[in-house]
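Residue indices begin at 1 and follow the sequence shown. Small disclaimer: the values here were computed from a predicted structure and weren't measured. Side-chain atoms are counted along with the backbone in the values below, which use heavy atoms only and exclude waters and symmetry mates.
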Amino acid sequence: MSTVRDERYVDLKQLCDKIAPEMFDTLSWILIMNLDLIPQEDIEINPNLRFSYLLMNNKYDEATTLGKELAASNNPISKHYKQMFEQDPKLEKTIKVAENFFALAKRRIEVTEKLGIRQF
């Protein structure tokens, strides 16, 4: 992938193929693209959104704790969290994928904050 393309397009499948191909099916249910477009209030009340948000903001210990809570819950998506921890108990691969996956969203957040654009 070229640098220019990386900056405007993120392909989770390609990222997983490079880092952990076996995790694509699981992470495609868990990682949420375009978190920068979701109001903060919605992120706070939705645990799955919050998990992705914590990863995006490099809060890995908090993300791990929340992920384990989700895996142990009766939440319909809990099976994907269980599978994630089976495949990646320390979330090392998940974090590598997330760093690349969320890089574009983080850049967009920086730009909107710099320009003073408010989120509604």
Side-chain angles (χ1 to χ4, degrees):
M1 285 193 296
S2 71
T3 304
V4 172
R5 183 173 174 208
D6 285 347
E7 290 181 7
R8 57 189 170 95
Y9 178 74
V10 177
D11 186 332
L12 181 61
K13 177 79 170 117
Q14 280 187 328
L15 291 174
C16 287
D17 285 349
K18 288 180 182 179
I19 297 167
E22 72 282 3
M23 296 195 68
F24 172 71
D25 288 336
T26 301
L27 294 180
S28 67
W29 283 98
I30 294 174
L31 299 181
I32 308 296
M33 179 53 81
N34 297 325
L35 283 174
D36 55 307
L37 303 177
I38 300 172
Q40 188 68 36
E41 300 82 36
D42 292 350
I43 291 171
E44 291 300 322
I45 62 172
N46 183 309
N48 192 48
L49 292 174
R50 197 165 68 244
F51 178 80
S52 287
Y53 184 79
L54 291 170
L55 285 177
M56 183 178 78
N57 288 293
N58 305 328
K59 295 181 178 182
Y60 304 127
D61 291 338
E62 291 177 56
T64 300
T65 300
L66 179 58
K68 287 180 180 178
E69 289 173 12
L70 287 165
S73 74
N74 291 326
N75 187 321
I77 201 166
S78 68
K79 67 181 178 183
H80 300 293
Y81 284 90
K82 288 175 191 166
Q83 189 174 36
M84 177 182 67
F85 282 107
E86 288 169 6
Q87 294 173 326
D88 188 18
K90 295 182 180 180
L91 297 188
E92 294 168 336
K93 295 174 190 174
T94 300
I95 289 169
K96 281 185 180 179
V97 171
E99 285 173 344
N100 290 287
F101 185 71
F102 291 123
L104 180 59
K106 286 177 82 170
R107 282 194 293 271
R108 287 193 305 245
I109 289 169
E110 290 170 5
V111 168
T112 57
E113 287 175 352
K114 184 178 178 180
L115 296 175
I117 299 170
R118 292 183 51 206
Q119 190 177 31
F120 294 97

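- For residues 42-55, the set of pairs meeting the side-chain hydrogen bond (donor to acceptor under 3.5 Å, both in side chains) definition, not counting sequence neighbours, comprises Q40-E44, Q40-Y53, N48-Y81.
- Not a single salt bridge (Lys or Arg N to Asp or Glu O under 4.0 Å) links K68 to another residue, sequence neighbours left out.
- Applying the side-chain hydrogen bond (donor to acceptor under 3.5 Å, both in side chains) test to E99 and every residue at least two apart in sequence or in another chain returns Y60.
- Side-chain atoms of D11 come within 3.5 Å of backbone atoms of K13 as a donor-acceptor pair (strictly under, hydrogens ignored).
- In terms of heavy-atom proximity, T64 sits nearest to L91 at OG1-CD1, 3.4 Å.
- Note: M56 CE to L31 CG = 11.5 Å, rounded to the nearest 0.5 Å.
- Atom CD1 of I32 is separated from atom CD1 of I38 by 6.5 Å, given to the nearest 0.5 angstrom.
- Residues L27 and L15 have side chains not in contact (no heavy-atom distance under 4.5 Å, counting atoms from C-beta outward).
- Every residue was checked against the side chain to side chain contact (heavy atoms under 4.5 Å, CB included) condition with K79, not counting sequence neighbours, and none meets it.
- The OG1 atom of T65 sits 11.0 Å away from the CG atom of L70 when rounded to the nearest 0.5 Å.
- Rounded to the nearest 0.5 Å, atoms CE (M23) and CD1 (I30) are 7.0 Å apart.
- Sorted by first and then second residue, the ring-ring contact (aromatic ring centres under 6.0 Å, His included) pairs with a member in residues 89-109 form an empty list; sequence neighbours excluded.
- Panel note: side chain D17, backbone P21; no donor-acceptor pair is recorded below 3.5 Å.
- For S78, the side chain to side chain contact (heavy atoms under 4.5 Å, CB included) partners at least two apart in sequence or on another chain are S73, N75, K82.
- Heavy atoms only, all atoms of each residue included: V97 and L12 are closest at CG1-CD1, 3.6 Å.
- Applying the side-chain hydrogen bond (donor to acceptor under 3.5 Å, both in side chains) rule to pairs touching residues 20-35 yields E22-K93, T26-Q83, T26-Q87, N34-R108, sequence neighbours excluded.
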Working for side chain to side chain contact (heavy atoms under 4.5 Å, CB included), residues K90 and F85: CA-CA 7 Å; K90 295 182 180 180; F85 282 107; over 6 Å; no
